[in-house]
Asker: 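Before we start, here is the structure in question, set down as structure tokens.
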Amino acid sequence: MVSTSKYCILNLLALISYCCAQFQNIGNQADAVNFIANQKSVNPNYQVSTKELQDVLQNVIVEPLLYPVDNHWVSEARGFNTHDETDLGMTGEDAGTNVTTEPMMVTNSTLEPTTLIVTEVVLEPTLCISDLATFAADILKKEKYAEMMVDSYGKPPPGILQGNILWFGLYDQCLSQSRTSNDNYESFNGQYCLALVTNNTQLLFYVGICVPNSCNNRELTDLLNINSNSSIKVSVFCHKQFEYSTSAIACLALLVFLCAFALVGAIIEVFTNYKGSWANRNGFKKLLPDETFENTEHTQSASVNELIITVEENNSPGCLVKFLLCFSLLTNGRKILNTKQGEGSISCLNGIRVISLTWVILGHSYVFPFQLISNPVEIPNLLGRFTFQAVGNATFSVDSFFFLSGLLVTYLTLKYLQKNEGKINWVMFYVHRYLRLTPVYMIVIFVFTTLTPHFASGPFYSMIFDPNPDPGVENQMTYCQDYWWTNLLYINNLYPTSINKECLLWGWYLANDMQFFIVSPFIIYLLYHYFYAGFTLWCVILLTCFSSLIGESIIRDISVSFSLDPNEVNFVSDLIYIRPWSRISTYLVGMALGYVLYKYRGRVRMPHYMVVLGWLAATGIALSVVYGLYGSYHGRPLSASATVVYITLCRFSWAVALAWVVFACDAGYGGLVNSLLSWSFWIPLSRINYCAYLVHPIIMFVFYYSLPNSIYFTDFLFVYFYLGHLMFSYAVAFLLSVCAEAPFMALEKLTLNRDKSV
């Protein structure tokens with residue numbers, strides 16, 4: 001007879017099949033959430049008979065996976081309570097070895113809760129089918145490994161009424177099981193697979209299954225989709241142990257070389273310093289490394305110069321030594337950690353830069369694990385909290401970066417033009433920017449595409465980071481394999497057309513920033529030589545941005561609130577969120593302030609009442625932008641016209657408020673705000689901000705998708721996640737900057753013999 005524990009497991013699994021049947025009436029994700037949340041409260045007297053549950057379980061789960069070889073079962077749909085050892089067509093003694101080699105027949109049914117339509121399908125004998133039969137027989141024989149594998153299956157957990165559709169089971173327990181025999185015949189290991197159950201392309205739930213490792217995705221998918229007429233479909237993704245590809249080995253070699261160069265450069269620096277000290281004692285002059293440090297603000301990071309030691313002409317370092325010194329761990333580390341700034345720098349920008357990135361990481365900490373949350377019905381309540389508005393509207397942090405980029409490129413370029421009588425090498429203007437951003441960007445893409453599959457494992461991990469998925473399956477790895485070149489050309493915000501198909505989802509910001517940078521010289525040159533012409537061009541581009549936002553808002557009926565309905569288009573959708581013509585307004589505000597600082601910096605005097613009014617206005621604008629949508633979550637949505645106005649002006653207004661903060665702080669009217677933003681603590685962090693932006697999503701993805709269980713949302717848990725992501729992101733960013741970003745910047749200066757310029 002079947003054990004009591006088996007009955008408990010099968011009864012729990014029956015609920016899975018019953019949920020499938022009920023979900024056939026669901027058309028979209030919002031309907032699914034409403035169903036899960038309201039089913040019992042709306043119809044508390046609804047009941048389904050035990051016989052119906054048994055029949056559904058028998059035909060949907062038990063027969064395909066655990067009893068695929070018994071031919072006489074296809075004649076009728078019987079409850080599993082009628083089965084014992086004889087139902088398998090074998091006795092306990094020969095159950096483990098009597099596996100037929102003829103074509104097998106299994107059955108499945110539609111998932112109507114009251115009617116079963118049995119379909120008979122012939123399956124060719126495979127090792128998977130044979131091992132499944134052996135596994136089923138061993139369950140009846142109460143073999144330890146088989147019981148552990150069955151125990152690893154995902155089961156309906158608590159919280160179904162809160163939207164818990166993640167029934168992972170026990171990933172590690174499944175993989176640790178194995179069946180062995182003396183002659184290795186019918187030996188196999190446990191293999192964890194994740195089954196995605198859908199209804200007309202709408203995701204219903206995930207369930208973990210543990211099967212012999214002889215089975216693959218295709219075989220299991222075919223086995224669980226016997227009835228081709230049913231709208232319920234099952235896709236199976238099994239755990240994979242990835243082998244290191246040639247590209248992965250090449251990436252590892254690159255990282256090893258970078259680290260080796262950093263160490264060799266440090267050794268050479270120590271030796272050269274010692275030699276310089278000896279030369280100094282013998283009448284030669286030594287230029288200390290600290291005297292060569294600069295803080296070039298327009299790069300939003302420190303510019304690292306090669307160590308220069310001036311001795312006799314014939315003893316100057318050779319090209320190879322200079323090359324290796326560019327990688328010196330000591331020089332680059334000291335350069336990043338130095339809290340001194342160059343003369344004339346705008347000190348408050350460091351604080352704005354770092355705080356903006358911490359805001360980005362905060363928003364991503366909540367957004368990235370969304371599909372792993374086991375109580376998603378709490379999300380609408382979370383979005384409606386007044387205190388959560390700053391998290392939900394963290395997208396404005398990116399506008400802060402656009403603003404800073406426009407400010408710095410305009411201010412520094414105008415200063416350079418003034419210094420050089422209106423002349424600048426515009427070719428090098430673009431080359432420097434490209435070389436400043438691209439090398440470390442490509443290294444991160446290389447690491448992400450080739451090494452991320454090897455960083456961790458988990459129920460979701462193989463599916464998300466499989467570099468060689470089944471035909472027709474796409475993920476972040478395949479997107480990078482197909483579209484990495486769009487990142488190299490900085491057009492990934494335009495092609496592919498969906499942000500979800502981009503290589504490095506967060507790379508859209510860099511594409512926009514580069515495109516804005518390409519446009520900026522036309523405005524800057526005109527502003528310097530022909531102010532009114534430059535101002536006219538600035539206004540034309542701004543009005544074009546506003547017009548595109550107004551048009552898209554009206555035509556697409558764009559909403560300003562977040563919804564669980566995937567068909568609803570809101571103001572952070574691809575249509576307007578990642579397109580340059582929709583985002584350039586904040587960059588233009590930065591350019592305007594850059595021109596003002598160029599013309600009037602150090603010569604601004606304002607009466608007290610004007611300062612107060614400026615701060616009140618900036619504070620009111622910023623709070624209105626961030627918290628202005630609170631009412632839309634509480635039955636007070638914006639009107640159609642107000643929605644269009646908000647979508648058109650919200651980011652521009654945010655940049656205007658930020659412009660006042662920078663202007664007031666730089667002019668000496670910042671008070672405590674300026675003291676905070678100009679704190680020297682921000683300086684080292686601001687130098688590694690770019691690397692932190694590149695790596696922090698990878699850290700989050702690896703962490704979240706390697707979790708063995710779903711995440712039950714609580715405030716303290718996500719605050720803890722956020723602080724961990726923040727600290728770890730900056731730690732990794734420091735290493736990346738020391739070993740890659742700073743050396744390539746130094747190499748650029750060494751190779752191009754570039755002076756301090758834009």
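Computed from a predicted model, the values in this text were never measured in an experiment.
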Asker: Any chance the side chains of Tyr730 and Asn689 put a donor and an acceptor closer than 3.5 Å?
Answerer: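 Yes.
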Asker: Applying side-chain hydrogen bond (donor to acceptor under 3.5 Å, both in side chains), run through Asp513 and Ser405 and close with a yes or a no.
Answerer: CA-CA 8 Å; Asp513 191 69; Ser405 294; 2.9 Å; yes
Asker: Kindly determine whether Phe460 and Phe168 satisfy ring pair (Phe, Tyr, Trp, His ring centres under 6.0 Å), including the steps that lead there.
Answerer: CA-CA 9 Å; Phe460 259 121; Phe168 288 151; 5.4 Å; yes
Asker: Under the 3.5 angstrom rule, does the side chain of Asn393 hit a backbone N or O of Gln389 as a donor-acceptor pair?
Answerer: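 Yes; at least one donor-acceptor contact below 3.5 Å.
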Asker: For Phe703 and Phe721: C-alpha separation, side-chain torsions, deciding distance, then whether ring pair (Phe, Tyr, Trp, His ring centres under 6.0 Å) applies.
Answerer: CA-CA 10 Å; Phe703 171 76; Phe721 284 167; 5.1 Å; yes
Asker: Classify the ring geometry between Tyr587 and Phe516 as parallel (under 30°), tilted (30 to 60°) or perpendicular (over 60°).
Answerer: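 The rings of Tyr587 and Phe516 sit tilted, inter-plane angle from 30° to 60°.
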Asker: Pick out which of Tyr490, Tyr690, Phe446, Tyr434 makes a ring pair (Phe, Tyr, Trp, His ring centres under 6.0 Å) with Tyr441.
Answerer: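 When ring pair (Phe, Tyr, Trp, His ring centres under 6.0 Å) is applied between Tyr441 and each of Tyr490, Tyr690, Phe446, Tyr434, only Tyr490 qualifies.
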Asker: Mark yes or no for whether Trp682, through its side chain, and Leu676, through its backbone, hold a donor-acceptor pair below 3.5 Å.
Answerer: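 Yes; judged by distance alone, with no hydrogens or angles, the pair exists.
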Asker: So His696 and His364, would you call those rings parallel, tilted or perpendicular, with 30° and 60° as cut-offs?
Answerer: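 Because their plane-to-plane angle is under 30°, the rings of His696 and His364 count as parallel.
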Asker: Looking at Arg583 and Asp399, is there a salt bridge between them, counting it only when a charged N and a carboxylate O are closer than 4.0 Å?
Answerer: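 Result for this pair is yes, salt bridge flagged.
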Asker: Do side-chain atoms of Ser729 reach the backbone of Leu726 as a donor and acceptor pair under 3.5 angstrom?
Answerer: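 No.
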Asker: Is Cys238 disulfide-linked to Cys193, taking SG-SG under 2.5 Å as the test?
Answerer: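 A disulfide is present here, as the SG pair of Cys193 and Cys238 is separated by less than 2.5 Å.
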Asker: Using the ring pair (Phe, Tyr, Trp, His ring centres under 6.0 Å) definition, which of the options Phe713, Tyr712, Phe388 pairs with Phe718?
Answerer: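 Checked Phe713, Tyr712, Phe388 against Phe718; only one passes ring pair (Phe, Tyr, Trp, His ring centres under 6.0 Å): Phe713.
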Asker: Between Arg579 (side chain only) and Asn493 (backbone N and O only), is there a donor and an acceptor less than 3.5 Å apart?
Answerer: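 Confirmed, Arg579 side chain pairs with Asn493 backbone.
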Asker: Kindly say whether Cys326 contributes a backbone atom to a donor-acceptor pair with the side chain of Asn332 at under 3.5 angstrom?
Answerer: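 Looks like yes, one N/O pair under 3.5 Å.
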Asker: May I ask you to decide if the ring planes of His454 and Tyr244 are parallel, tilted or perpendicular, using 30° and 60° as cut-offs?
Answerer: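 The arrangement is parallel - the two ring planes meet at less than 30°.
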Asker: Let me see the working for Ser678 and Ser347 under side-chain hydrogen bond (donor to acceptor under 3.5 Å, both in side chains), right down to the final yes or no.
Answerer: CA-CA 5 Å; Ser678 301; Ser347 58; 3.0 Å; yes
Asker: Less than 4.0 angstrom from a charged side-chain N to a carboxylate O is my criterion; do Asp574 and Lys501 meet it?
Answerer: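 Salt bridge between Asp574 and Lys501, a charged N being under 4.0 Å from a carboxylate O: no.
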Asker: Given 3.5 Å as the limit, does a donor-acceptor pair link the side chain of Trp506 with the main chain of Leu694, or not?
Answerer: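 Yes, Trp506 side chain to Leu694 backbone: donor-acceptor pair under 3.5 Å.
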Asker: With ring pair (Phe, Tyr, Trp, His ring centres under 6.0 Å) as the test, would you mind laying out the steps for Trp167 and Tyr206 before giving the verdict?
Answerer: CA-CA 6 Å; Trp167 308 341; Tyr206 297 85; over 10 Å; no
Asker: Enter the distance from Leu170:CG to Asn709:CG here, rounded to the nearest 0.5 Å.
Answerer: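 Going from CG on Leu170 over to CG on Asn709, the span is 7.5 Å.
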Asker: Could you walk me through whether Trp508 and Tyr577 pass the ring pair (Phe, Tyr, Trp, His ring centres under 6.0 Å) check?
Answerer: CA-CA 9 Å; Trp508 69 268; Tyr577 188 69; 4.9 Å; yes
Asker: Does Asn492 reach the main-chain N or O of Cys503 with its side chain, forming a donor-acceptor pair under 3.5 Å?
Answerer: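 Such a contact is absent between Asn492 side chain and Cys503 backbone.
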Asker: Is the Phe402 ring parallel, tilted or perpendicular to the Tyr509 ring (thresholds 30°, 60°)?
Answerer: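 Because their plane-to-plane angle lies in the 30° to 60° range, the rings of Phe402 and Tyr509 count as tilted.
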Asker: Salt bridge or not between Arg436 and Glu741? Use side-chain N to carboxylate O under 4.0 Å.
Answerer: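 Yes, charged N to carboxylate O under 4.0 Å.
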Asker: For side-chain hydrogen bond (donor to acceptor under 3.5 Å, both in side chains), just list the numbers for Gln371 and Tyr704, CA-CA rounded to whole Å, side-chain angles, deciding distance to a tenth of an Å, and then say yes or no.
Answerer: CA-CA 10 Å; Gln371 65 176 332; Tyr704 285 130; over 6 Å; no
Asker: Please step through side chain to side chain contact (heavy atoms under 4.5 Å, CB included) for the pair Ser462 and Phe242, ending with a clear verdict.
Answerer: CA-CA 9 Å; Ser462 293; Phe242 303 114; 4.3 Å; yes
Asker: Under a 3.5 Å distance rule, please check whether Trp615 uses its side chain to pair with a backbone N or O of Tyr669 as donor and acceptor.
Answerer: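 Side chain of Trp615 to backbone of Tyr669: a pair is present.
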Asker: Judged by modelled atom types alone, do Ser374 and Asn164 share a side-chain donor-acceptor pair under 3.5 Å?
Answerer: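 No - no donor-acceptor pair under 3.5 Å links their side chains.
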Asker: Is the backbone N or O of Asp466 less than 3.5 Å from a side-chain atom of Asn475, with the two atoms forming a donor-acceptor pair by type?
Answerer: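 Pair found, side chain donor or acceptor close to backbone of Asp466.
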Asker: Which of parallel (below 30°), tilted (30 to 60°) and perpendicular (above 60°) describes Phe368 and Phe701?
Answerer: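 Geometry flag for Phe701 against Phe368: parallel rings.
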